[in-house]
Protein chains: 2
Amino acid sequence: MKPIAQAEGAVDYQDLAFDVFSRHCPSRGTLEHVTGRWGALTLGALHEGSFRFNELRRRVDGVSEKMLSQTLHALERDGLVHREAQPTNPPRVDYELTPLGRAVAERLMALIHFVEGRMDEVLEARASYDAKRSTLDGRA
Amino acid sequence: MKPIAQAEGAVDYQDLAFDVFSRHCPSRGTLEHVTGRWGALTLGALHEGSFRFNELRRRVDGVSEKMLSQTLHALERDGLVHREAQPTNPPRVDYELTPLGRAVAERLMALIHFVEGRMDEVLEARASYDAKRSTLDGRA
DNA sequence: CAGCATCCTGCGCGATACTG
DNA sequence: CAGTATCGCGCAGGATGCTG
């Protein structure tokens, strides 16, 4: 049993600004939970409603049980996700965004959708970048 | 010499939507470049202007030379960062965002700043979460 | 169904050294 | 200064098995 992600050294945070750019800053950790591979997709999924564990697992294509569990814990600990467990049998647990989580997800989705919408440009850039590279160091 | 990040299997992307939630989607890769640990911070730094390699290295606290190089290549390939090299001696290379990169960074910064601004709430949530946990399984 | 514990592997990434 | 090449460790994270 481990405290999830409590490590990262003992620093007195009281008197330092929450600047992501500096190494030992707690906001950096949270930002990584939010933007991390699974964190981002999980928040994205939850942005559309409340879901049960395995529903989420299906929506976030490719996530393992372990990683989803881990991700949800981190987000819950950060106060972005609320976990509602009913002690029935079989058990039913629902996850949903907290108000803070919703606000974060909002911004995140703006980013995600924007990137999705511009993928053609990205793909084009990639193609021309690769073309340039291959003509440069293509000589055997 | 490797093609940066060209792997991820051969799928015909023409006829599938750019849905981040599905496994083999190119937007997922780009999103990870953007939101990844160093990608996000690099875009953030570049959002404030044009910088040289070692300037960036100093602004993004903790990034290794290797990772910064790698990150910049990925972002350049995705068409988000422009690399301006002058063949002088000593060499001078400037990095700056492309218009597309600026648009992405805009959304990203909205997210980052929001998270930074709410860190007190997050920290509070963490504290109460941890408190609850430790009283539950604290028994030796 | 919801999930924790364990084992094991790959590769992310940091450290170091070398080049133009 | 602005990078590449190489090595090696650590941990992210997948697979598997068990519990309530």
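Letters A, B, ... are given to chains in the order of the sequence lines, protein chains preceding strands, and every chain is numbered from 1. In this text, all values refer to a predicted model and were calculated from it rather than measured experimentally.
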Could you check how far CE of M67(B) sits from C1' of dA2(D), rounded to whole Å?
17 Å

Is there a side-chain contact between H73(A) and the phosphate of dC4(C), meaning an N or O under 4.0 Å from OP1 or OP2?
yes

Which nucleotide sits closest to the side chain of K66(B): dG3(C), dT4(D), dG14(C)?
dG14(C)

Could you work out, with side-chain hydrogen bond (donor to acceptor under 3.5 Å, both in side chains) as the rule, every residue matching H82(A), not counting sequence neighbours?
E84(A)

Nearest to side-chain heavy atoms of S64(A), which nucleotide of dA2(D), dG14(C), dG14(D)
dG14(D)

Does R57(A) reach a base, just sugar-phosphate, or nothing at all? Heavy atoms under 4.0 Å.
nothing

Using 4.0 Å as the upper bound for N to carboxylate O, is an ion pair formed by E121(A) and R118(A)?
yes

Assign each of P90(A) and N54(B) the nucleotide of DNA chain D bearing its closest heavy atom; nearer the 5' end lies the nucleotide of N54(B)

Nucleotide dG3(D), atom C1' - distance to CZ of R52(B) in whole Å:
13 Å

Pick the nucleotide of DNA chain C nearest each of P91(B) and Y95(A); which residue has the one closer to the 5' end?
Y95(A)

In whole Å, I'd like the distance from the NE2 atom of H33(B) to the C1' atom of dC13(C).
15 Å

What is the separation between atom CD on E84(B) and atom P on dA2(D), rounded to the nearest whole Å?
14 Å

Taking atom P of dC7(C) as reference, at what distance in whole Å does atom CD of E65(A) sit?
18 Å

Atom CG of N89(B) to atom C1' of dT19(C): distance rounded to whole Å?
13 Å

Exactly one of D94(A), L68(A), T71(A) should register a side-chain contact (heavy atoms from CB on, under 4.5 Å) with L56(A). Which one does?
L68(A)

Estimate the overall bend of the helix from dC1(C)-dG20(D) to dG20(C)-dC1(D) from the end axes over five pairs each, rounded to 10 degrees.
50°

From R28(A) CZ over to L31(A) CG, what is the distance, rounded to the nearest 0.5 angstrom?
9.0 Å

For R83(A), check side-chain hydrogen bond (donor to acceptor under 3.5 Å, both in side chains) against everything at least two apart and list the hits.
Y95(A)

Nearest-Å distance, CD (Q86(A)) to C1' (dA2(C))?
13 Å

Output the rounded distance in Å from CD (Q70(B)) to P (dG12(C)).
8 Å

Between the side chain of R23(B) and the main-chain N/O of D61(A), is any donor-acceptor distance below 3.5 Å?
no

Say you draw a straight line from NE2 of H33(B) to CG of L72(B); how long is it, rounded to the nearest 0.5 Å?
12.5 Å

